[in-house]
Amino acid sequence: MASKLRYDGRVAVVTGAGAGLGRTYALLLAERGASVVVNDLGGGRHGDGSSTKAADTVVQEIKAKGGKAVADYNSVEEGEKIIQTALENFGRVDILINNAGILRDKTFARISDQDWDLVHRVHLKGSFKTTQAAWPHMRKQEFGRVIMTASQSGLCGNFGQANYSAAKYGLVGLNNTLALEGQKYNIHCNTIVPTAASRLTEDILPPEMYAELKPSLIAPVVAWLCHESCEDNGSIIDSGAGFAAQCRMYRGAGVNLRKKITDEVSIEDVRDSWDKVTDMSKATPLSSIQAATGNLMTVLEELKSTPASGKVFKEKFSYTPRDLILYALGVGASTKNPEDLRFLYENDEQFAALPSFYIIPGQMIGMFSGLWDNAIPGKAIDPTQLLHGEQYVEIHKPIQTSGTLTNECQIADVLDKGSKGAVILMDIDTFDEEGDLVAHSQMTVFIRGAGEFGGPQTSSKQIMCAERPKRKPDASRIQATLLDQAALYRLSGDANPLHIDPNFSAMGGFDRPILHGMATLGFAARHVLELYAGNDPNLVKTIKVRFTKPVLPSHTLKTDMWREGNRIHFETSVIETGNVVISGAYMDLKEVQPAANMHKVAAESLKCEEMFNEMRKRMDADPATAKKINGVFLYNITKNGQVAGKWVVDLKQCKLYKGDAEAGVKVDTTLTVDDQDMIDITTGKLNPQVAFMKQKLKITGNVMLTQKLQGLLKAQQSKL
Ligand SMILES: CCCCCCC[C@@H](O)CC(=O)SCCNC(=O)CCNC(=O)[C@H](O)C(C)(C)COP(=O)(O)OP(=O)(O)OC[C@H]1O[C@@H](n2cnc3c(N)ncnc32)[C@H](O)[C@@H]1OP(=O)(O)O
């Protein structure tokens with residue numbers, strides 16, 4: 001067996017050592033060689049009276065066993081006198097066990113000032129006075145072991161002991177700080193939380209338990225804490241009945257009540273986060289004040305680099321009929337379709353906003369609110385790498401044709417798409433002047449190269465696209481965009497230079513400025529509206545799209561549609577490239593109203609596409625002929641002579657462009673396409689527009705006709 005721990009040469013002061021725990025400590029330490037000051041005022045357990053008997057008896061006991069001890073009868077409130085006794089009798093003080101205590105139990109309402117003060121004076125002030133008197137001697141000798149005596153009544157509370165609990169918990173605080181201040185002088189301060197049979201507990205604990213709570217089962221724990229080889233400092237040890245355990249203050253993982261460093265905290269924020277505030281499942285010990293406050297520093301640092309998620313930005317957006325008309329023009333509404341007058345003419349009986357216009361008020365606010373600053377932790381947003389990723393809108397109430405709307409925008413989430421980029425989800429609620437919700441939108445912005453910041457890859461807040469049916473489209477609509485489509489669209493508020501400035505778009509990696517995603521969406525949504533909602537904006541409930549490839553102004557858009565109940569799935573591609581540019585898209589309608597001319601519109605679109613495809617096939621099959629021909633104009637002329645569509649077919653590149661010279665294609669000939677048939681201009685039967693174009697562009701050269709075109713031409717010629 002290892003040698004017994006000894007305290008030879010050590011001088012121990014034990015307060016309240018006349019009975020109970022104090023007496024047992026004194027006896028044990030003396031037995032192991034310490035010289036002991038047995039302090040006891042000899043009063044009652046309520047702090048009344050005094051007598052020398054208690055201390056004297058213990059001193060005699062010690063001496064009878066051959067130990068060294070001296071009695072002290074001072075009150076701990078005069079702790080300096082007790083320490084003086086140690087110095088005078090033994091020349092030093094090494095160990096101080098602050099054990100003396102009294103009770104003045106009363107329910108809180110009945111505690112008098114005297115009850116309160118007396119308990120505090122004995123426990124808290126007494127420990128302070130005695131320890132402070134010993135402190136300089138311990139510092140000087142660079143050794144000290146101090147014990148505070150707390151209680152479960154302090155740690156947990158106990159009915160009828162408010163004064164005692166407060167004093168006992170106060171001793172824990174005193175212990176914590178003395179442990180820090182004494183450390184460098186090898187003064188260790190620890191706290192015992194005893195549950196023992198003593199005169200303080202004899203009528204509090206049940207008799208069967210009282211018998212088991214012998215002070216002698218706790219004394220070794222205290223003695224160990226007082227030994228020079230014990231390195232604990234600041235520990236709080238709960239002990240009783242031969243059991244001992246460290247107690248600690250723990251703190252839960254907690255929650256940041258603010259979303260951004262500039263935010264304030266509201267009472268509602270606290271209420272809404274309360275579950276997280278009080279969750280102790282991931283609690284860790286509060287080991288030091290540095291660790292505790294250091295954690296707050298970490299929280300602050302995180303806040304500084306946290307996206308503005310959660311912060312609501314409010315701003316107003318005013319518009320007039322002019323804005324609705326300009327927007328409609330920007331997304332391809334045209335007077336050539338009389339049905340479109342309701343979006344283009346303020347005196348039209350049904351004049352209204354296009355459904356996709358409901359996105360505009362919020363999008364503009366979102367773009368300029370500064371909400372994006374710091375959106376991606378640790379990354380600055382490079383505007384040249386920013387692309388509109390997805391868009392959702394849910395229309396709740398029709399807007400007037402002019403007015404002021406209020407938008408509330410907030411970042412819903414920021415997603416990490418690894419090496420591809422970051423995705424910012426922004427939610428926007430738009431309210432009218434009556435405070436009614438007009439629309440809820442979600443705008444998704446893709447920032448290329450801004451990923452890998454450790455964020456989530458997906459979000460439950462993202463409104464998802466829907467997969468289209470696998471069958472062939474139920475209907476399709478083709479419409480060419482203008483070369484100046486982006487220049488026109490940007491007048492609706494999105495002045496992003498990506499859509500107009502060649503230098504800026506080059507920095508973004510594009511050959512020339514690209515079309516706004518919202519312009520493409522506007523075209524596609526109009527196509528669906530026209531074919532499935534009778535061009536009635538009031539039938540539209542929701543629109544959702546994903547922009548999958550950029551569109552260039554002058555590209556020809558083809559929107560394929562699939563009806564599934566009141567949901568119209570759609571997908572938009574660019575005829576010239578074959579690229580799908582909008583996917584996973586849908587429009588939910590209150591009810592479906594197929595266009596009266598749907599069959600015709602769809603057939604017309606398909607005819608154009610078919611023609612184009614035939615030409616491409618022919619080009620592939622006959623490259624020799626193809627070499628001789630640069631381009632062909634295609635005109636879609638309605639019965640009343642209006643040009644409903646015009647394209648340049650670049651036969652070299654096998655691409656179809658919006659039909660004017662700026663597309664950069666040398667045109668060899670022009671074909672006009674009637675609603676039904678086609679006319680070869682070489683017959684001389686030119687309509688005025690084609691003649692003008694031919695003259696203007698000085699068209700000469702070969703005509704290349706597909707077999708189908710030749711057939712149609714023959715039929716037409718025979719009619720003529
Ligand atoms: C403050 C200012 C606010 C500004 C708001 C907008 C302002 C406007 O002026 C800007 C515009 O209008 S830009 C024009 C319209 N948009 C476009 O042209 C973008 C077209 N899309 C693309 O080029 C690619 O899809 C591309 C590049 C976006 C992604 O393609 P890839 O890099 O090849 O990525 P991919 O491998 O397909 O997918 C990687 C992960 O990202 C998700 N994802 C893909 N496309 C997305 C899109 N469009 N939107 C949202 N998420 C998209 C994928 O699902 C994938 O995620 P996961 O790995 O989790 O499956």
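Residue indices begin at 1 and follow the sequence shown. Just follow the structure's listing: the first ligand is 1, and inside any ligand the first atom is 1.
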message: Looking at ligand 1, would Ile514 count as a contact under a 4.0 Å heavy-atom criterion?
response: yes
field: Atom indices of ligand 1 within 4.0 angstrom of Leu387 heavy atoms, with elements
entry: 13 (S), 19 (C), 23 (O), 27 (C)
- prompt: Between His569 and Arg468, which heavy-atom pair has the shortest distance, and what is it?
  reply: ND1-CA, 3.9 Å
message: Tell me whether the count of non-hydrogen atoms from other residues, nucleotides or ligands lying under 6.0 Å of NZ in Lys417 goes above 12.
response: yes
query: So is there a nitrogen or oxygen of Val423 less than 3.5 Å from a nitrogen or oxygen in ligand 1?
result: no
field: Numbered atoms of ligand 1 (with element) below 4.0 Å of Gly389, judged on heavy atoms
entry: 47 (C), 48 (N), 49 (N)
- prompt: Evaluating non-hydrogen atoms only, which member of Arg546, His499, Lys417 is closest to atom 54 (O) of ligand 1?
  reply: Arg546
- request: List the atom of Phe343, the atom of Pro537, and the distance in Å for their closest heavy-atom pair.
  value: CE2-CG, 3.9 Å
statement: ligand 1 atoms nearer than 4.0 angstrom to some heavy atom of Asp494 are 7 (C), 8 (C), 9 (O)
- request: Keeping the roles fixed (side chain from Arg526, backbone from Val331), state whether a donor-acceptor pair exists under 3.5 Å.
  value: yes
task: Of the side chain and backbone of Phe446, name the one, both, or neither that has a heavy atom under 4.0 Å from an atom of ligand 1.
output: side chain
- request: May I have all residue pairs that pass salt bridge (charged side-chain N to carboxylate O under 4.0 Å, His left out) and include part of residues 436-453, sequence neighbours excluded?
  value: Lys397-Asp436
- request: Identify, by atom number and element, the atoms of ligand 1 in contact range of Gln457, meaning under 4.0 Å from any of its heavy atoms.
  value: 57 (P), 58 (O), 59 (O)
statement: His516 heavy atoms within 4.0 Å reach ligand 1 at atoms 12 (O)
- prompt: Among side-chain atoms of Thr404 and Ser318, is any donor-acceptor pair under 3.5 angstrom?
  reply: yes
- request: Please work out which of Leu515, Ile424, Asn496, Thr548 has its closest non-hydrogen atom nearest to atom 25 (O) of ligand 1.
  value: Thr548
task: Could you check whether the rings of Phe317 and Tyr319 sit parallel, tilted or perpendicular, using 30° and 60° as the cut-offs?
output: parallel
task: Say whether Leu386, considering both its backbone and side-chain N or O atoms, lies within less than 3.5 Å of an N or O atom on ligand 1.
output: no
statement: At under 4.0 Å between heavy atoms, what of Met518 touches ligand 1? The answer is neither
ring-ring contact (aromatic ring centres under 6.0 Å, His included) contacts touching residues 422-477 (sequence neighbours left out): none
